[in-house]
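Residue indices begin at 1 and follow the sequence shown. Here the structure is a predicted model, which means the values were calculated and not measured.
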Amino acid sequence: MELRQLRYFVTVVEEASFTRAAARLHLAQPGVSAQIRQLERELGQPLLDRSGRSVTVTEVGEAVLAYARTALAAVEGIRQTVDEFTGLLRGRVALGLVSGASIGAFDVPALLADFHDDHPRVEISLTEDTSERMLAALCDGALDIAVIGLAEEEPLPGVSLQILIDVPLVAAVAPDDPLLVPPGRASVPLAALGDRPLISLPRGTGLRGVLERACAQAGIRPRIAFEAAAPPVLAQLAARGLGVAVLPALPEEAATGLGLRTLTLTGPEPRGRIALAWRTEGPAGPAARALLDRLRAALPAPGGRGPRGHQAAGA
């Protein structure tokens with residue numbers, strides 16, 4: 001029995017496919033299949049059921065799976081312990097990002113490139129998803145670190161946050177929108193949007209959660225006419241007069257450049273917040289802890305201004 005056979009077995013179970021497992025392991029599929037069959041012959045029992053459209057684990061395989069994962073974790077722990085003594089950092093880090101975070105105030109690609117230069121043996125996987133799903137993945141341990149939009153005032157128990165952006169939400173409209181009457185108007189009650197088509201990020205995003213909670217407080221039910229995962233698309237739809245986009249506050253010159261006028265929302269005054277999030281007890285591995293320390297030091301402080309003076313919309 002070899003460690004690589006256990007690693008192949010665990011990967012096939014996680015992927016429910018020999019093809020996907022081989023791709024993840026950067027190996028040829030026949031080689032993975034052959035090694036697992038050799039393991040099964042040595043144990044004298046089938047570990048995987050190959051009869052269906054997807055590969056499933058047998059009853060014996062389910063019992064073996066826990067021991068295989070424990071063995072692999074023990075070997076990884078040995079490597080990490082030795083690496084800590086030698087100063088070498090390696091391992092895997094799973095990082096999640098809200099849509100737009102990598103091109104707005106947060107120059108995440110540059111941060112990751114610098115981190116990779118310093119620690120070339122660390123493998124980083126990057127996921128872009130809704131904040132709701134990433135927060136769940138963070139709590140489950142599928143993600144080590146995440147940059148998320150906050151839908152609630154208080155974080156979930158067991159999750160720590162570093163607020164990166166905290167700005168008011170605004171109603172963004174075309175220059176000829178009736179909401180801009182009388183001229184010079186700077187704000188609008190949220191209740192006034194009750195009968196207007198709204199343009200928003202999808203459910204599960206931080207901004208959408210804040211909007212829905214604020215509308216409930218204002219006694220209205222939002223009429224979402226258009227949804228888009230990318231904040232720039234929301235601005236484009238609003239500029240064409242298709243509805244009122246709810247966005248984090250934009251500098252006046254940026255709004256004008258997009259063909260928009262903005263009004264601060266009141267009654268209540270919802271805010272868009274983006275935060276760096278991690279499990280309070282800290283990431284499990286030294287590589288993830290090192291990346292977290294790097295991100296906490298490098299990412300911008302509240303106020304919405306990053307190293308290049310841009311703002312990011314929070315998903």
Side-chain angles (χ1 to χ4, degrees), residues 96-101 103-106 130-132 134-135 138 146-156 159-173 179 185-194 196 198-224 227-235 238 243-255 258 260-278 296 299-306 309-315:
L97 290 175
V98 293
S99 178
I103 58 174
F106 317 122
T130 66
S131 297
E132 186 177 88
M134 289 194 297
L135 191 56
L138 188 68
V147 177
I148 61 173
L150 299 182
E152 302 295 335
E153 293 293 336
E154 298 296 331
L156 287 177
V159 175
S160 293
L161 302 173
Q162 177 177 322
I163 303 297
L164 306 176
I165 282 183
D166 186 347
V167 295
L169 295 187
V170 298
V173 296
L179 284 179
R185 187 179 192 182
S187 64
V188 61
L190 191 57
L193 304 183
R196 294 295 306 272
L198 301 184
I199 304 169
S200 174
L201 295 178
R203 287 185 181 275
T205 60
L207 188 147
R208 179 65 170 269
V210 170
L211 173 62
E212 291 179 344
R213 190 176 69 248
C215 286
Q217 293 173 359
I220 63 171
R221 183 174 181 178
R223 182 159 67 92
I224 306 298
E227 291 181 344
V233 176
L234 305 183
V244 180
V246 178
L247 299 169
L250 297 167
E252 184 176 352
E253 62 274 15
L258 293 169
L260 293 171
R261 296 279 300 279
T262 61
L263 299 167
T264 302
L265 293 171
T266 61
E269 300 177 358
R271 301 188 68 84
R273 297 190 300 160
I274 290 180
L276 182 68
W278 64 94
R296 293 190 68 184
L299 289 177
R305 294 291 178 178
H310 296 301
Q311 291 187 322

Does the side chain of [Y] come within less than 4.5 Å of [X]'s, by heavy atoms?
X    : Y    : answer
T130 : R208 : no
L201 : L211 : no
L207 : P248 : yes
V188 : L265 : yes
L138 : I148 : no
P189 : T266 : yes
V98  : T205 : no
L190 : C215 : yes

Closest contact, heavy atoms only, [X] versus [Y]:
X    : Y    : result
L263 : L179 : CD1-O, 3.7 Å
A275 : I163 : CB-CD1, 3.9 Å
A218 : G267 : CB-O, 3.7 Å
L169 : R271 : CG-C, 3.9 Å
A238 : A245 : CB-CB, 3.6 Å
V210 : P270 : CG1-CB, 3.7 Å

Mind checking what makes side-chain hydrogen bond (donor to acceptor under 3.5 Å, both in side chains) contact with S160, not counting sequence neighbours?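 For S160, the residues satisfying side-chain hydrogen bond (donor to acceptor under 3.5 Å, both in side chains) (neighbours in sequence not counted) are T280.
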Please enumerate all residues that pass side-chain hydrogen bond (donor to acceptor under 3.5 Å, both in side chains) together with E269, with sequence neighbours excluded.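 If we apply the side-chain hydrogen bond (donor to acceptor under 3.5 Å, both in side chains) test to E269, skipping adjacent residues, there are no hits.
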Rounded to the nearest 0.5 Å, what separation is found between the [atom1] atom of [X] and the [atom2] atom of [Y]?
X    : Y    : atom1 : atom2 : value
E212 : Q217 : CD    : CD    : 12.5 Å
L234 : L198 : CG    : CG    : 11.0 Å
L135 : L156 : CG    : CG    : 4.5 Å

Kindly indicate, with the supporting measurements, whether the criterion side-chain contact (heavy atoms from CB on, under 4.5 Å) is fulfilled by L250 and V170. CA-CA 8 Å; L250 297 167; V170 298; 5.6 Å; no
Take T262 and L247 through the test side-chain contact (heavy atoms from CB on, under 4.5 Å) and record every step on the way to the result. CA-CA 9 Å; T262 61; L247 299 169; over 6 Å; no
Donor-acceptor check, side chain of R273 to backbone of E152, threshold 3.5 angstrom: yes or no?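 Confirmed, R273 side chain pairs with E152 backbone.
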Charged N to carboxylate O below 4.0 Å: is that the case for R203 and E132?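 Not counted as a salt bridge, because no side-chain N and carboxylate O are separated by less than 4.0 Å.
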Does atom CZ of R196 have more than 12 heavy-atom neighbours from other groups under 6.0 Å away?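 Yes, because the 6.0 Å sphere around CZ of R196 holds more than 12 heavy atoms from other groups.
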